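One structure below.
Quantities reported herein were computed from a predicted structural model and do not represent experimental measurements. Letters A, B, ... are given to chains in the order of the sequence lines, protein chains preceding strands, and every chain is numbered from 1. Excluded from the calculations below are hydrogen atoms, water molecules and symmetry mates; all remaining heavy atoms, backbone and side chain alike, are included.
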Amino acid sequence: MAFENKFIQQRIEKAEVLREAGFNPYSNNSQRNTTVEKYLNVNSDIQDKEDKRDENRHYIVSGRIKLLRIMGKASFVKIEDESGMLQIYIARDNLPEDFYNTIFKKNIEVGDIIEVSGYPFVTGKGELSLHANELKLLTKAIAPLPEKFHGVTDKEIRYRKRYLDLIMNAEVRKTFQTRSKVISLTRRFFEDKGFLEVETPMMHPIAGGANAKPFVTHHNALGIDRFLRIAPELYLKRLIVGGFEAVFEINRNFRNEGMDATHNPEFTSIEFYWAYKTYKDLIEITKEYFQYLFEHLNLPTILPYGDMEVNFENFTEVPLIESLTTIGGVPAEMCNDKESIVAFLKSKNITVKPGMNLGQLQGELFDEFVEEKLIDPTFITEYPVEISPLARRSDENPAITERFELFIAGREIANAFSELNDPIDQYERFKGQGEAKEAGDDEAHEMDEDFIDALSYGMAPTAGQGIGIDRLVMLLTNEHSIRDVLLFPAMKPIHNDTQEQE
RNA sequence: GUCUUGUUAGCUCAGCUGGUAGAGCACGUCACUUUUAAUGAUGUGGCCGAUGGUUCGAAUCCAUCACAGGACACCA
């Protein structure tokens with residue numbers, strides 16, 4: 001089925017004609033000596049010259065043909081490389097005899113990758129171009145490109161054939177360049193602060209560090225199942241036990257859950273752990289981190305996101321319980337009583353699972369009435385202990401933890417806390433999670449005895465934080481689907497040939 | 001997982017209350033030596049997502065399935 005399409009057939013024939021004429025349709029002896037961007041910069045002075053040209057300069061540029069305008073004995077070709085688009089002027093009489101008519105006009109077309117040498121000049125309409133005196137095909141594209149004006153807009157094609165999306169949509173390339181910069185800047189920021197970048201296992205015997213369903217895989221030699229990690233947290237903390245005082249890991253996590261605009265089965269996060277610090281220090285470093293990103297990405301501090309405007313100079317801190325009333329509009333007297341909350345939620349037509357404890361209900365209120373209203377960056381602090389199984393209790397109030405989540409544009413961006421380092425308390429909380437699991441909560445934490453063992457040797461007081469990189473990039477690039485910031489988002493197979501094994 | 005909207009030429013899209021499938025771009029042929037989505041002429045191109053059903057007749061109506069988008073639920 002591969003090459004049956006008639007357009008592809010036609011182009012294969014052209015490649016054959018070229019081969020027979022002595023032109024390799026997949027030549028690899030590129031002589032390129034400049035990029036489009038450099039060419040346009042270096043030769044911008046041509047605009048000011050009297051005859052608008054300099055035949056003494058000589059450049060070789062390469063790129064994919066995006067537009068082709070043949071006008072009899074002369075043609076204009078727009079080629080594109082990673083750095084930009086350049087117009088090439090090709091006249092019959094400047095090329096070898098017959099090359100223009102029999103090779104160029106008949107067998108080279110939009111989508112092909114060519115190399116052109118010539119000199120800079122400015123056209124009558126004022127566009128700095130390249131006057132070709134040699135043209136060589138580097139790569140024949142046998143598949144035709146999508147339509148030149150509308151390009152490819154079908155999201156399914158764009159995600160499944162990202163290469164085509166990248167060829168056709170320059171702004172998509174830009175989004176991924178920004179993503180790359182964000183990751184690189186993040187790495188540099190933490191390195192400069194003295195953090196050590198580490199790699200911890202992707203395959204875990206116990207999927208811990210978060211509440212989520214894992215993917216399961218199998219180790220043949222050992223004959224045991226492994227879980228793709230849902231979070232690196234418990235391993236990073238083992239490193240703090242071991243004596244590293246500041247570590248971070250930027251890497252993938254895998255969660256076997258639903259997919260939508262903000263969830264992909266594999267996603268990237270940074271987690272960092274900092275000994276002898278508390279969540280208060282994390283608030284400060286987070287603000288600094290954002291400032292650093294904005295500065296190096298040259299972003300305005302008031303950033304549009306959809307129809308919102310996010311002011312990145314306006315970071316605030318609000319305790320969770322307080323936010324329920326001041327931001328969510330929940331009557332204050334309701335917030336600390338289970339029955340009242342259940343009644344309140346019911347009155348708003350929100351169904352609550354039976355048996356939820358006070359902390360879970362408060363979390364429910366927050367999700368329902370507060371989260372989407374947090375546009376400017378807001379640190380929500382003082383989370384109930386019941387929904388924070390790995391966070392340290394507040395010394396003043398053991399019902400709450402030294403934790404915050406950072407919300408921006410109505411979405412959670414970071415989760416952070418002073419780490420629980422009391423092995424007995426951690427053990428009890430794992431046990432509590434185990435009971436929740438028995439009761440049907442299949443995302444509750446597993447007991448990790450090795451981790452308890454590690455804590456038993458003593459982990460210095462530590463603060464740790466996770467930031468979702470994908471969502472951060474979405475925020476910074478004004479994209480509204482996680483698929484638009486992932487080069488190859490997860491998609492179902494088109495053909496039903498991956499039959500599930502029962 | 002639920003609801004909802006899509007799926008027609010390589011791409012972007014029309015196609016009314018059922019009557020043998022349309023445009024633009026691309027492609028072929030011709031003309032054209034400074035164009036800008038070049039232009040003019042002309043031609044090729046389709047199992048109308050898949051399978052069933054209703055009907056004399058289905059791209060169109062109905063059902064099921066597949067894939068996608070959006071919303072909701074859960075989570076990051």
Side-chain angles (χ1 to χ4, degrees), chain A residues 4-11 13-14 52-53 66-78 85 87-95 100 105-106 109-111 121-127 129 131 141-161 164 167-168 209-213 230-231 252-271 350-351 353 363-364 367-368 387 405-407 411-415 441-443 466-472 474 480-483 489 491-497:
Chain A
E4 72 197 4
N5 176 284
K6 58 188 175 290
F7 296 106
I8 293 181
Q9 276 305 322
Q10 207 168 60
R11 294 176 77 118
E13 281 162 30
K14 289 183 185 191
K52 305 270 186 194
R53 62 182 54 221
K66 298 297 288 288
L67 290 169
L68 189 52
R69 294 186 284 275
I70 296 177
M71 298 173 307
K73 299 179 186 66
S75 300
F76 287 92
V77 182
K78 290 255 179 165
M85 187 101 83
Q87 177 167 268
I88 312 291
Y89 177 72
I90 297 166
R92 184 191 66 182
D93 298 339
N94 293 311
L95 294 174
Y100 182 83
K105 269 170 73 174
K106 293 293 178 191
E109 56 206 316
V110 172
F121 81 114
V122 173
T123 64
K125 303 278 180 180
E127 180 166 347
S129 307
H131 201 296
I142 61 169
L145 287 185
E147 200 238 10
K148 63 185 173 189
F149 188 55
H150 298 93
V152 55
T153 58
D154 184 303
K155 288 199 168 179
E156 183 168 0
I157 299 176
R158 289 187 44 221
Y159 298 148
R160 287 193 194 277
K161 302 191 171 192
L164 204 51
I167 290 172
M168 299 307 294
N211 299 343
K213 283 179 228 157
I230 55 174
R252 226 68 68 83
N253 297 316
F254 306 87
R255 298 192 184 174
N256 206 343
E257 290 169 347
M259 291 158 60
D260 62 25
T262 53
H263 297 85
N264 196 68
E266 47 182 306
F267 64 99
T268 301
S269 70
I270 173 168
E271 287 202 12
I350 298 154
T351 49
K353 285 184 216 148
E364 200 69 19
D367 292 347
E368 212 54 56
I387 53 175
E405 289 197 3
L406 172 62
F407 293 86
R411 205 175 271 159
E412 185 193 334
I413 294 291
N415 181 18
D441 181 357
D442 54 4
E443 290 178 355
I467 303 173
I469 296 289
D470 310 288
R471 291 183 180 181
L472 176 61
M474 284 168 71
H480 295 259
S481 169
I482 195 168
R483 295 189 180 95
M491 300 289 278
K492 284 196 197 177
I494 306 173
H495 303 294
N496 211 7
D497 52 8

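Look at A:K148 and you won't find any side-chain N or O under 4.0 angstrom from OP1 or OP2 of B:rC25. At B:rA66, none of the side-chain N or O atoms of A:K492 fall inside 4.0 Å of OP1 or OP2 (strictly under the cut-off). Taking only side-chain nitrogens and oxygens, A:K155 never comes nearer than 4.0 Å to OP1 or OP2 of B:rG69. Between A:R483 and B:rG69 there is a side-chain polar atom (N or O) within less than 4.0 angstrom of OP1 or OP2. Taking side-chain N and O atoms only, A:K14 has a distance below 4.0 Å to OP1 or OP2 of B:rG28.
Using atom P as the reference point in both B:rC11 and B:rG53, the two lie 30 Å apart (nearest Å). B:rA38 and B:rU2 have their P atoms separated by 47 Å, given to the nearest Å. Taking the C1' atom of each, B:rC67 and B:rA23 are spaced 27 Å apart, rounded to whole Å. The P atoms of B:rG22 and B:rG46 are separated by 14 Å, rounded to the nearest whole Å. Separating the P atom of B:rC13 from that of B:rG6 is a span of 14 Å, rounded to the nearest Å. Taking the P atoms as reference points, B:rA66 lies 30 Å from B:rA21, given to the whole Å. Going from the C1' atom of B:rA9 to that of B:rG45 covers 6 Å, rounded to whole Å. The separation of B:rG52 from B:rG70, taken at their P atoms, amounts to 32 Å, rounded to a whole angstrom.
No donor-acceptor distance shorter than 3.5 angstrom exists from the side chain of A:R483 to the backbone of A:P489, with no hydrogens or angles considered. Without hydrogens or angle criteria, A:D470 side chain to A:T268 main chain gives a donor-acceptor distance under 3.5 Å. Listed for the A:R69 side chain is no donor-acceptor partner under 3.5 Å among the backbone atoms of A:V77. With hydrogens and angles disregarded, a donor-acceptor distance shorter than 3.5 Å links the side chain of A:D154 to the backbone of A:I157.
At a threshold of 4.5 Å between non-hydrogen side-chain atoms, the residues A:K14 and A:E109 count as touching. Counting only heavy atoms from C-beta outward, the side chains of A:F121 and A:S129 approach each other to under 4.5 Å. Between A:I8 and A:P144 there is a side-chain heavy-atom pair separated by less than 4.5 Å.
With rounding to the nearest 0.5 Å, the separation of CZ in A:F76 from NZ in A:K125 is 10.0 Å.
Rounded to an integer number of Å, the gap from CG of A:L145 to P of B:rU12 is 13 Å. Rounded to a whole Å, the CE atom of A:M491 is 8 Å from the C1' atom of B:rC67. Across the protein-nucleic acid pair, A:E368 atom CD and B:rA73 atom P stand 6 Å apart, rounded to whole Å. Between A:E156 atom CD and B:rU12 atom C1' the separation is 16 Å, expressed in whole Å. Between A:K6 atom NZ and B:rA9 atom P there is a gap of 10 Å when expressed in whole angstrom units. Computed from coordinates, the A:I142 CD1 to B:rG10 C1' distance equals 13 Å when rounded to whole Å. In this entry the distance linking CD of A:E147 with C1' of B:rC13 reads 10 Å, nearest Å. Distance, A:K161 NZ to B:rA68 C1': 15 Å, rounded to whole Å.
Residue A:R160 is classed as a sugar-phosphate contact, given heavy-atom separations below 4.0 Å to backbone atoms only. Among the protein residues, A:K106 comes within range of the sugar-phosphate backbone only, with heavy atoms under 4.0 Å from sugar or phosphate atoms but none that close to a base. Note on A:G151: only backbone sugar-phosphate atoms sit closer than 4.0 angstrom, heavy atoms only; bases stay farther off. When heavy atoms are screened at a 4.0 angstrom cut-off, A:M168 is found touching no nucleic acid atom at all. Note on A:D260: a base of the nucleic acid sits closer than 4.0 angstrom, heavy atoms only. Across all strands, A:N264 comes closer than 4.0 Å to base atoms (heavy-atom distances).
Pairing each heavy atom of A:R160 with each of A:K492, the nearest pair is NH1-O, 2.6 Å.
Stacking annotation: A:F7 is not stacked on the base of B:rG10 (requires ring centroids less than 5.5 angstrom apart and an interplanar angle below 30 degrees).
Ion pair A:E257/A:K213 not flagged as a salt bridge, since none of the NZ, NE, NH1 or NH2 atoms sits closer than 4.0 Å to an Asp/Glu carboxylate oxygen. A salt bridge links A:K78 with A:E127: the distance from a Lys NZ or Arg NE/NH1/NH2 to an Asp or Glu carboxylate oxygen falls below 4.0 Å.
B:rC48 shows a glycosidic angle more than 90° from 0 and is accordingly assigned anti.
In summary, the side chains of A:S75 and A:Y89 do not present any donor paired with an acceptor at a separation below 3.5 Å, with no hydrogens or angles considered.
Remark: RNA chain B forms stems of 3 or more consecutive Watson-Crick or G-U wobble pairs, all pair distances under 3.5 Å, at B:1-7 with B:66-72, B:10-13 with B:22-25, B:27-31 with B:39-43, B:49-53 with B:61-65.
The residue among A:D367 and A:H480 whose nearest nucleotide of RNA chain B lies closer to the 5′ end is A:H480.
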Could you list the protein-to-nucleotides 31-36 of chain B atom pairs, N/O on both sides, closer than 3.5 Å?
residue, atom, partner, partner atom, Å
B:rC32, N3, A:G72, N, 3.0
B:rC32, N4, A:G72, N, 3.3
B:rU33, OP2, A:K73, N, 3.0
B:rU33, O2, A:Y89, OH, 2.9
B:rU33, O4, A:D93, OD2, 2.0
B:rU34, O2, A:G124, N, 3.1
B:rU35, OP2, A:K125, NZ, 3.2
B:rU35, O2', A:R69, NE, 3.3
B:rU35, O2, A:R69, NE, 2.8
B:rU35, O2, A:R69, NH2, 2.7
B:rU35, O2, A:Q87, OE1, 3.4
B:rU35, N3, A:Q87, OE1, 2.9
B:rU35, N3, A:Q87, NE2, 3.1
B:rU35, O4, A:Q87, NE2, 2.7
B:rU35, O4, A:T123, OG1, 2.8
B:rU36, O2, A:K78, NZ, 3.4
B:rU36, O2, A:E127, OE1, 3.2
B:rU36, N3, A:E127, OE1, 2.9
B:rU36, O4, A:T123, OG1, 3.4

